[in-house]
Structures are given as C-alpha cells and as structure tokens.
2 protein chains.
Amino acid sequence: MQINDRRIHFLYEAWRSGSMRQASEILEMAPSSISRQIAQLEREIGSTLIEHGRREIVLTEAGHAVLEYYRNRHSSLEMLNAQLRDLSAARTGHVKFAIGEGFLGEALYRTLDEFMDGYPGFTLSLSVTDTTEMVRLLLEDEVHFGLGFHPLSHPQVVSRFRAAVPLKAIMHAAHPLADRSSISIAELCAEPLALMGQAFRIRQMIDLAAADSGQLVSPVLVSNSIPVLIRSACARRAVTVLPEFSVRSELSNGQLVAVRIVSSAMQSVYVHLITRRNRILSPQVMALTEQMRKRLAPTALYAPTDGKEPAAS
Amino acid sequence: MQINDRRIHFLYEAWRSGSMRQASEILEMAPSSISRQIAQLEREIGSTLIEHGRREIVLTEAGHAVLEYYRNRHSSLEMLNAQLRDLSAARTGHVKFAIGEGFLGEALYRTLDEFMDGYPGFTLSLSVTDTTEMVRLLLEDEVHFGLGFHPLSHPQVVSRFRAAVPLKAIMHAAHPLADRSSISIAELCAEPLALMGQAFRIRQMIDLAAADSGQLVSPVLVSNSIPVLIRSACARRAVTVLPEFSVRSELSNGQLVAVRIVSSAMQSVYVHLITRRNRILSPQVMALTEQMRKRLAPTALYAPTDGKEPAAS
DNA sequence: CAAATTTGTTGCGTTTATTGCAATCTAAAA
DNA sequence: TTTTAGATTGCAATAAACGCAACAAATTTG
C-alpha cells in the first residue's frame, strides 16, 4: 500500500482545526486542495477517514487509526531530527581506524584522550593489526584510515601524510653504549638484540639495513609484542630497535635511552596515514588524523595529493 | 522540516540493492530520477546521506540515521495496516448508545449478547439516561444513537424508526383485574398506582391520558427506578403502567399480567431510535439498531426518511 | 420554518514536481 | 592506460498538485 504522509498531515490539520477551511488558512492552501488530498488518501487507504456530508471534521475509526500512526511518525521524525542535529553539529559519530603494533603507547593514548575530550559524543574503534590485515580493512571500508610503517603497496590505498620516525637503538640507561650519540649497524648487531618477527615491517627495515652493511641480524629475543621488547630492554637483557615514540615514557623517565643508528635506511623510515582511494572522511576523522600528525612528529609531511608516491613500499 | 518519505524509500532501495541503477530496475524508474530524488532529500534534510562520487552506495552517518527512521516508519505503517484491515473487516470497533431507564431488561440483554457474539472485537458503551441528557449526548456525538420514549423535539435529532409499545396496566397475577382483557383509565386511576416521576416521558403520557378522561393520577409510589415499580407490583402493593417488554420475564413466568388500557393515547406510545441528523452510522451500528428493532416489536415501523415527523413530542 | 451562513465538494485551467531519455562525467576494474 | 559500470545533468514530456469559482449540503439564525 502506498500511503502519502503529506496527505495525512492535511487530514491532521483539518481534524485539529476542526474544518478544512481553517486548515486551509493554516496551511496556506485552497480548501479544495485539502478536500481532494483527503479524498485521495481515502482512496489510497481504501476506507473513509472522515464522516462526509458534515459541516465539521469528524473522524471515523479508521481516521483515528491513521492519525495515531501519524503521531507515531511525528515522534520518530523528531528523534531523527535530533540525531541529524547532533550529527551536523558533530556531537555524535563514529571513527574507526587501524594501527600497527608499534603505535600502542603514551603518544597514542594521549591523542585518543584529546580527541574524545574534543568530541564527547564520538565512539572509537581501534584495530591493532599487521599490514596485510590493515589493507583489507581499508579496502572493505571497515576502518576510516590506518597508521603503519611503509604499508604494502596497493592501487586502492593511498597515503594522506607521512612522518619520519627514525628507528633508534633502544637500550637501558646504564648500558655501555647509552651515552653514545650514535652507533653503527655493526655495533648494533654485536649487541644482544630483541626484535620483532620477520613478518613485521620494522624488522624487515632492520634486516635490510643490516644486509646493506654486510651484517647478519641474530636477535636473542623475537617477539611480535612491542611491550615484550621494551621490557627486555628495561631488564638490561637486550637492545631493541624502535621509533622513539614507542618508548616515549621510558625515555622521559630516564629508564631507557634512544641512540641514533648510523644508517640512511634507519633514518628514512616513515609512518604513513593511509586510506582507501577517494575515501571521503568526515571533519571529525580529519581532526583525528591531524592530531595524530602533530603528535607523531611536528615535521610530518603531507603526502602529494595524488597519494601514489608514498604508498610505494 | 519537510521530509518526503517517498524519497527515503528510494534511498532505502538504492542502499539495499547496492546501487541506484539496480534500485531503478526494482522501482521501475529511470536511474536519473532516483539520483535526483536522493539529491532532493539531501537538500531537504540539510546534510549528505550517501558518499557521492562512489560506484556503490555507501551511507553517511546521517544516511544511516534516516534509514533507521524509515524502518521505524515502516513498522508503524504495518501496524496501521493491520488496524485498518481489522476495521474494514469489522473485526474491531466501538458502538456507544444511550437508552431510557425503561429498556433495562432481558430483551436488551439478549440483544446485546447477540451483538457481542456477532462482533467479537467490538466494544459497547451503554448510557442509561433521561431524555434531556440523551439529546445532549446525541448532539455532541458522544453516542451513536439513543432509544427512548417520545424524545424531546430537537431540530438536530431525528428518529430512525419507531415501534408501538402500548402502555399497559401491570399487576400481580392474582389481582382482581388481572383476568380482564382491558380496563379503562378511570378503573386504572382507582387502583393504587406505582409510577415514575413527572420528569419522565412515560409518566407524562399517563398524566396526559388521565387528564383527557377527567381523571387525576395520584400514585401511592413514585420512583425513578423501573425495578422499584415492578417490585411493588410483584408484591401486590400497587398497579404500575409500563410497556410489556419492561416486564417480559415477569409476564412469561406468570408472576405479573399486562392488561390493555382503553385509551388511544396509551396505544399510540412509541419507542424511537433516535440519532443526530445526518449522522452516518457504520454497518455494525446499523446491525445493532436492526437487532433492537426486531427485538422491540416485529411491527416496528421505519420512520419517514426525512425523520421529522416522529421526533415531534 | 425560511433565510443566511458556513462548509465540503467538483470542474477547469494553471503551476509545480516528477519522470525518462540521452549525454556527460567519474570511480573502479581489467 | 583502456574499459566498464554507475552517478549526474540538461531538456522535453508527463503527472500531480494547486487555486479559482461555482455548487451543494448542513447548521445556525431570525
């Protein structure tokens, strides 16, 4: 059945004001239109709604039922309007994104706190994933954006910006190399290392840099968990290689130190914020990505608008 | 805000089928219309509902909110349809009517039982009122019809039919006059009488007939309750004057007898079923009035269609 | 009771909204 | 890149809604 709610509105006004003519003044229309629309509504519904041949508007039972429906619809509409107001005022919404394991840490938490303070009605979905999974999530629109190291190249995935996050040698403050301003790849490889598995981008970068120097990486501890690596450094059992922001709190309280590694490959490691191509992001999502950009590194660079170059691995 | 639900239907189909083109086939319309209607809807609502510049339909948060409203509306509409089906199948409804005091009795109860058996979904409102109140109820549409003796004349009240209900002398079966075929007004007035107050139509009719015969009515018992009058007759304390149907059960079990009163005024007493002028009655109400007509007297007459003559007092 | 008034309804021409077709543009796929 | 599938836009045709005026019918009023 095809029911036009606009016609019910006419019926409602006619009933509320008592006559079609009064309704016509309220609605600023000719009475004839109202009469016709109500007649049409009756044809659509298949039963009479008002007692015709009367001076005033008297509803039939069916008419009362229709108006009850109309009131239902009206309150539903009010709810919708409230929702839409909230949305356009950005009071509610949802942001979903994915990050690589390395980003769990104080910097991220502070960024999330900032965002949630700034947009109290917003909810967040955060997936901690590996790079392959991140690309899948992006392509299927299951996340708005992803944050990771040199993500896999994919024609449908582009980088919105990148930030240089040089990998550093992370070691205990009491480590013999801790007061050095920089160390070489060879010196690094001579130390007991705690690194991620070879499936991870960070590890792949390290292996690549080491291979360039003719060194072999043979870590004493391999883990896919960054906190495990950090703990091993804190316990003076190993040196690990991570970007500074992953261990920012340990650096600031003096427990660990980060030493520069003499290697162009280690310096030119970039974090990319990636999205699906042509993905339209709401202002709130944009705000979150901007906060992340600032937090990651004040020197973060915006990717070229075509977004192709930085996505190359 | 003016929202056209038909447009939301297009949005819904486009979202459900995945693209405007598929929706256009389902809806048997040109894709351009769908696009335009959705664009118009976005203008009406004031925010984008789908992510434009995409191959497939992807809703924004506002779009999801709109579709949630649409689903609400849909279920409301289903409820309305169910109600309307019930109404048009006459499965539910409401009948409200008023009767004069004299009609309470077995005949009425049986009529109501019949009606309620025939229309299980229907509810009844029965007001037992005096004539003045009955007219007020009719004029304000608080009852569909009324049943009473010679109701007050009113230009807006018409009689649908009338039934002759001669007033009879009601007396105990052992009363000296009980085996008479008829008695005169004078004989009646010589008996101890139990009658209604002078505000009631029945009493007024009796007084009028007595005055015509030069008699004075001086009842030993006056009550506005018919059962009280009946009881006084059963107790052999008085003779009362009522239509037969008011005492049908007492007549059939032989407790009381009804004796004809020799008086044209007493013979031409009519019960009228009255409604407001031009009141349109549903088939169910008509059925109830028809049942009442048959029950009151098989000889009941339909009032002239202009309905003016019988309403005269 | 009859005249006057108010109200709903209907015919007809006008205005507005909707639709379909074809062309154009664009994102996604090959 | 080229191809393909889908969204969008201009324009003419169509359908719906509208206003005006006349009419009919129901109440009110005198």
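All values derive from a computational prediction rather than experimental measurement. Letters A, B, ... are given to chains in the order of the sequence lines, protein chains preceding strands, and every chain is numbered from 1.
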Worksheet item: What bend angle does the helix from dC1(C)-dG30(D) to dA30(C)-dT1(D) show across its length, from five-pair end axes and to the nearest 10 degrees?
Response: 40°

Less than 3.5 Å apart, which donor and acceptor atoms pair up between the side chains of residues 12-19 of chain B and the rest of the protein, not counting sequence neighbours?
{"residue": "Glu13(B)", "atom": "OE1", "partner": "Arg16(B)", "partner atom": "NE", "Å": "3.4"}
{"residue": "Glu13(B)", "atom": "OE1", "partner": "Arg16(B)", "partner atom": "NH2", "Å": "3.0"}
{"residue": "Ser17(B)", "atom": "OG", "partner": "Glu13(B)", "partner atom": "O", "Å": "2.8"}
{"residue": "Ser17(B)", "atom": "OG", "partner": "Ser19(B)", "partner atom": "O", "Å": "3.2"}
{"residue": "Ser17(B)", "atom": "OG", "partner": "Ala23(B)", "partner atom": "N", "Å": "3.3"}
{"residue": "Ser19(B)", "atom": "OG", "partner": "Gln22(B)", "partner atom": "N", "Å": "3.2"}

Non-neighbouring partners of [X] that pass side-chain hydrogen bond (donor to acceptor under 3.5 Å, both in side chains), sequence neighbours left out:
X         : result
Gln204(B) : none
Thr275(A) : Arg160(A)
Glu61(B)  : none

Practice prompt. Not counting sequence neighbours, which residues clear side chain to side chain contact (heavy atoms under 4.5 Å, CB included) with Glu78(B)? List them please.
Written response: His74(B)

Response to the item:
Sorted by chain and number, sequence neighbours left out, side chain to side chain contact (heavy atoms under 4.5 Å, CB included) with Ser125(A) holds for His94(A), Lys96(A)

Worksheet item: Rounded to the Å, how far apart are Leu49(B) CG and dA7(D) C1'?
Response: 15 Å

Write out a two-atom table: protein N or O, nucleotide N or O from nucleotides 28-30 of chain D, distance below 3.5 Å.
none

Worksheet item: Which one, dT18(C), dG8(C), dA17(D), comes nearest to the side chain of Arg7(B)?
Response: dT18(C)

Which protein N or O atoms sit under 3.5 Å from an N or O of nucleotides 21-23 of chain C?
{"residue": "dC21(C)", "atom": "N4", "partner": "Ser32(B)", "partner atom": "OG", "Å": "2.9"}

Item to complete: List for me each residue that meets ring-ring contact (aromatic ring centres under 6.0 Å, His included) alongside Phe10(A), sequence neighbours excluded, and say none if there are none.
Response: none

Worksheet item: What residues, two or more places apart in sequence or in another chain, satisfy ring-ring contact (aromatic ring centres under 6.0 Å, His included) together with Tyr119(A)?
Response: Phe115(A), Phe122(A)

Item to complete: Return each pair, listed once, that meets side chain to side chain donor-acceptor pair (under 3.5 Å) where at least one residue sits in residues 23-42 of chain A; pairs must be two or more places apart or across chains.
Response: Arg7(A)-Gln37(A), Gln40(A)-Arg43(A), Glu42(A)-His52(A)

